[in-house]
Amino acid sequence: MLYLGGKMKRTLLFLTILVFILLAACDNEKMLSPVSDTSEHPYETSNQGAESTTTSYTEESFLSGSDFPNTNDFLVHNFQVTYDESNHSMHYLVDYSFGETPLNHLVGGKHRYYFKLEIPAHLTKYFTNSNTNPVQGPLIMSADKTMKYQVELSAKLNKNTTKLEINDILTELEEYSLVLYENKDYPAKKVVGVKEFSEVK
């Protein structure tokens with residue numbers, strides 16, 4: 001049996017304690033490390049929150065259906081159609097106004113919004129396209145709900161569309177749909193039956 005002197009015992013005891021201290025320090029360092037395999041990673045929650053905020057901002061950055069919670073947030077006051085013989089096309093005039101919620105979004109002129117008309121299915125055979133070309137509406141600079149705005153849209157007729165057929169188009173104003181949007185992939189408002197809608201008081 002190996003005999004160790006008192007000094008040697010104290011040295012070994014000191015080294016043993018030192019090793020334990022170093023091992024404990026390494027374990028603590030691992031626990032404090034930001035890398036973790038657990039599902040409750042602290043950065044995962046933060047990233048999800050950032051993504052959620054970004055998505056919310058993107059959805060609210062352009063005019064959407066949420067800006068028209070009430071029927072009177074968009075009103076059509078007049079809907080007329082005329083024939084332009086010079087370029088063989090139909091011209092549509094729409095007088096409209098906005099309610100408080102969409103005005104709050106549009107006021108200041110920073111948001112450009114657009115209209116297009118969807119031509120009734122039974123009339124599309126007379127036109128080159130089933131929709132009018134998109135037209136930008138007047139920029140909104142005032143939050144006055146009593147202000148009315150006007151937009152003019154046009155649709156090119158087929159070359160072989162006759163005067164009799166044009167007269168039918170001039171008298172058949174029902175079933176047109178008006179689409180309003182800021183982002184073309186997300187229509188904000190669609191009025192089915194523009195003429196009928198404009199006559200509702």
Side-chain angles (χ1 to χ4, degrees), residues 55 58-107 109-140 145-201:
T55 302
T58 303
E59 290 173 353
E60 294 176 2
S61 63
F62 56 81
L63 197 67
S64 67
S66 62
D67 293 303
F68 297 89
N70 304 308
T71 305
N72 61 355
D73 280 327
F74 180 77
L75 296 175
V76 175
H77 302 282
N78 188 38
F79 179 61
Q80 295 180 348
V81 59
T82 57
Y83 170 62
D84 186 348
E85 189 174 359
S86 66
N87 60 10
H88 196 50
S89 63
M90 306 306 296
H91 285 226
Y92 302 89
L93 283 177
V94 182
D95 296 334
Y96 61 95
S97 62
F98 288 112
E100 183 178 357
T101 307
L103 278 176
N104 288 339
H105 179 94
L106 294 169
V107 71
K110 295 181 180 179
H111 294 270
R112 299 178 186 274
Y113 62 99
Y114 303 85
F115 291 99
K116 69 176 180 179
L117 269 177
E118 295 178 351
I119 296 166
H122 68 283
L123 296 179
T124 54
K125 58 187 176 183
Y126 304 131
F127 294 85
T128 58
N129 291 300
S130 58
N131 301 320
T132 64
N133 291 326
V135 173
Q136 182 182 324
L139 294 179
I140 306 300
K145 293 187 293 183
T146 64
M147 288 190 67
K148 295 179 182 178
Y149 304 90
Q150 186 178 83
V151 65
E152 182 176 351
L153 304 105
S154 62
K156 192 79 173 175
L157 292 166
N158 291 321
K159 290 182 178 180
N160 59 351
T161 302
T162 66
K163 288 186 177 180
L164 183 61
E165 291 167 338
I166 291 170
N167 285 334
D168 289 340
I169 297 171
L170 288 169
T171 56
E172 295 182 28
L173 294 181
E174 291 76 20
E175 299 181 30
Y176 282 87
S177 293
L178 182 67
V179 181
L180 165 64
Y181 63 90
E182 184 175 351
N183 184 322
K184 64 180 180 179
D185 295 325
Y186 299 92
K189 181 71 176 178
K190 182 173 183 177
V191 177
V192 178
V194 186
K195 180 64 175 176
E196 300 90 320
F197 184 74
S198 68
E199 293 174 346
V200 176
K201 304 299 181 183

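Bear in mind the structure is a predicted one, so any value in this text is a computation, not a measurement.
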Residues Ser89 and Tyr83: closest non-hydrogen pair is O-CD1, 3.4 Å

Flag, side chain of Asp84 to backbone of Ser86, donor-acceptor distance under 3.5 Å:
yes

Leu170 vs Met90, side-chain contact (heavy atoms from CB on, under 4.5 Å): CA-CA, chis, key distance, verdict:
CA-CA 9 Å; Leu170 288 169; Met90 306 306 296; 3.5 Å; yes

Might you work through the side-chain contact (heavy atoms from CB on, under 4.5 Å) test for Gln80 and Asn78, ending with a clear yes or no?
CA-CA 7 Å; Gln80 295 180 348; Asn78 188 38; 3.3 Å; yes

Take Ile169 and Leu157 through the test side-chain contact (heavy atoms from CB on, under 4.5 Å) and record every step on the way to the result.
CA-CA 11 Å; Ile169 297 171; Leu157 292 166; 3.8 Å; yes

Does Asn104 use its side chain to pair, donor to acceptor, with the backbone of Thr101 at less than 3.5 Å?
no

Filter on ring-ring contact (aromatic ring centres under 6.0 Å, His included), then keep only pairs touching residues 150-181, sequence neighbours left out; what's left?
Phe79-Tyr176, Tyr92-Tyr176, Tyr114-Tyr181

Take atom CD in Glu85; do more than 12 heavy atoms of anything else shown fall under 6.0 Å from it?
no

Ignoring hydrogens, what is the shortest heavy-atom contact between Leu153 and Phe115? Give both atom names and the distance.
CD2-O, 3.5 Å

Heavy-atom closest pair, residues Pro102 and Asp67
CD-O, 3.0 Å

Look at the aromatic rings of His105 and His111 and report parallel, tilted or perpendicular, splitting at 30° and 60°.
tilted

Mind checking what makes side chain to side chain donor-acceptor pair (under 3.5 Å) contact with Tyr186, not counting sequence neighbours?
none

Kindly compute the distance separating CD (Glu174) from NZ (Lys195), expressed to the nearest 0.5 Å.
8.0 Å

Side-chain donor/acceptor of Asp95 to backbone N/O of Gln150, under 3.5 Å:
no

Atom OG1 of Thr162 and atom CG of Asn167: how far apart are they, to the nearest 0.5 Å?
8.5 Å

Gap between atom CD1 of Ile166 and atom OG1 of Thr82 - 0.5 Å precision:
11.5 Å

Do you know the tightest heavy-atom contact between Phe68 and Ala188?
CD1-O, 3.7 Å

Return yes if a side-chain donor-acceptor contact under 3.5 Å exists between His77 and Ser198, otherwise no.
no

Show me, pair by pair, the donor-acceptor contacts under 3.5 angstrom made by side chains of residues 128-135, not counting sequence neighbours?
unit_1	atom_1	unit_2	atom_2	d
Thr128	OG1	Lys156	O	3.3
Thr132	OG1	Leu117	N	2.9

Distance-minimising heavy-atom pair for Glu182 and Leu63:
OE1-N, 2.7 Å

For Tyr113 and Leu139, indicate whether the former's side chain and the latter's backbone hold a donor-acceptor pair under 3.5 Å.
no

Can a donor-acceptor pair be found, under 3.5 Å and without considering hydrogens, that links the side chain of Asn183 to the backbone of Asp185?
yes

Please test Met147 against Phe98 for side-chain contact (heavy atoms from CB on, under 4.5 Å), starting from the C-alpha separation and ending with a verdict.
CA-CA 8 Å; Met147 288 190 67; Phe98 288 112; over 6 Å; no

Heavy-atom closest pair (Tyr96 atom, Gly137 atom, distance to 0.1 Å) is OH-CA, 3.9 Å

When rounded to the nearest 0.5 Å, the distance separating NZ of Lys189 from CG of Leu180 is 9.0 Å

By side chain to side chain donor-acceptor pair (under 3.5 Å) - contacts of Glu118 (at least two apart):
Lys190

Can you name the ring pair (Phe, Tyr, Trp, His ring centres under 6.0 Å) partners of His91, sequence neighbours left out?
none

Only distances under 3.5 Å count here; give the side-chain donor-acceptor pairs of residues 119-126 to other protein atoms, sequence neighbours excluded, each with its distance to 0.1 Å.
unit_1	atom_1	unit_2	atom_2	d
His122	NE2	Glu172	OE1	2.9
Thr124	OG1	Ala121	O	2.9

